[in-house]
Amino acid sequence: MFAAIKAKHKGVDVCINNAGLAHPEPLLSGKTSGWKNMLDVNVMALSICAREAYQSMKERNIDDGHIINLNSVSGHIVINSSDIHFFTATKYAVSALTEGLRQELREAKTHIRATSISPGMVETEFIYRLYSNNPEKAKASYSRLKALEAIDVANAVVFALSAPAHVE
């Protein structure tokens, strides 16, 4: 993907890591394959994309780039739902990775910013995929509270990108 971006657009100035998924795999009975898939997408892919974006910026002397990790409120609190405890662990990892990235960017004497945006429930296909075997449970999840809309998250991204250089 990054090679194609380099060929077509010369490189990356902004990276928005928006991949994420969850499987209802509790800690006491979950399938290893589901856990591995969440780690691969939510942690490994995010880390690889951040690294490759930084390398693209460094290669082209971009010193004002931005790496935004779309995290989750689950990256900061443990919600009482066994279906998402492992997912929560991956999002705590995103919180730690974003802070580590921010620290490494400062050590590298760059002005590239690292931002974590942590929305609560957003009305997307996420919950319906999480509970693909139980659409009623997915629908009930949205009935408990007013969910954010995708535009709310997009607006948060635009705000982060448009914030002054000293705001991280």
When you compare the side chain of [Y] with that of [X], does any pair of heavy atoms fall below 4.5 Å?
X      : Y      : result
Lys109 : Leu105 : no
Asp83  : Tyr131 : yes
His76  : Asn71  : yes
Cys49  : Phe2   : yes

What are the two closest heavy atoms between [X] and [Y], and how far apart are they?
X      : Y      : result
Phe87  : Ser72  : CE2-OG, 4.1 Å
Gly120 : Val73  : CA-CG1, 3.7 Å
Ile112 : Tyr54  : CD1-CD1, 3.8 Å
Ala140 : Ser143 : O-OG, 2.7 Å
Ala45  : Val41  : CB-O, 3.4 Å
Tyr142 : Ala147 : CD2-CB, 3.9 Å

Please identify each residue that fulfils side chain to side chain donor-acceptor pair (under 3.5 Å) with Arg60, with sequence neighbours left out.
-> Asp13, Ser56
Contacts of Ser81 meeting side chain to side chain donor-acceptor pair (under 3.5 Å) (sequence neighbours excluded), chain-then-number -> none
Applying salt bridge (Lys or Arg N to Asp or Glu O under 4.0 Å), which residue pairs with at least one partner in residues 114-134 are found, sequence neighbours left out?
-> Glu125-Arg129
Verify the distance criterion only: is there a donor paired with an acceptor across the side chains of Asp64 and His111 at less than 3.5 Å?
-> no
Drop me the distance from [X]'s [atom1] to [Y]'s [atom2], to the nearest 0.5 angstrom.
X      : Y      : atom1 : atom2 : answer
Tyr92  : Ile77  : OH    : CD1   : 7.5 Å
Glu52  : Glu59  : CD    : CD    : 10.0 Å
Ile84  : Ile127 : CD1   : CD1   : 7.5 Å
Glu149 : Thr124 : CD    : OG1   : 11.5 Å
Ser132 : Lys137 : OG    : NZ    : 12.0 Å
Lys36  : Met44  : NZ    : CE    : 8.5 Å

Yes or no on side chain to side chain contact (heavy atoms under 4.5 Å, CB included) for Ile67 and Asn17, after CA distance, side-chain angles and deciding distance?
-> CA-CA 8 Å; Ile67 299 170; Asn17 278 315; 4.2 Å; yes
Parallel, tilted or perpendicular: rings of Phe86 and Trp35 (30°, 60°) = parallel
Determine yes or no for a side-chain-to-main-chain donor-acceptor pair under 3.5 angstrom, with Ser95 supplying the side chain and Gly75 the backbone.
-> yes
Validation: residues 18-27 side-chain donor-acceptor distances under 3.5 Å, sequence neighbours left out:
| residue | atom | partner | partner atom | Å |
| --- | --- | --- | --- | --- |
| His23 | NE2 | Asn37 | OD1 | 2.6 |
| Glu25 | OE1 | Lys31 | N | 2.7 |
| Glu25 | OE2 | Lys31 | NZ | 3.2 |

List, by chain and then residue number, the residues other than Val157 in its hydrophobic cluster (Ile/Leu/Val/Met/Phe/Trp/Tyr, side-chain heavy atoms under 4.5 Å); write none if there are no others.
-> Val14, Ile16, Ile68, Leu70, Ile117, Val122, Leu148, Val153, Leu161
In a table with atom names and distances, give each donor-acceptor pair under 3.5 Å that connects a side chain of residues 96-103 to protein atoms at least two apart or in another chain.
| residue | atom | partner | partner atom | Å |
| --- | --- | --- | --- | --- |
| Thr98 | OG1 | Asn69 | ND2 | 2.8 |
| Thr98 | OG1 | Val94 | O | 2.8 |
| Glu99 | OE1 | Arg102 | NE | 2.9 |
| Glu99 | OE2 | Arg102 | NE | 3.3 |
| Glu99 | OE2 | Arg102 | NH2 | 2.6 |
| Glu99 | OE2 | Gln103 | NE2 | 2.9 |

Is the count of non-hydrogen atoms from other residues, nucleotides or ligands lying under 6.0 Å from Phe159 atom CZ greater than 12?
-> no
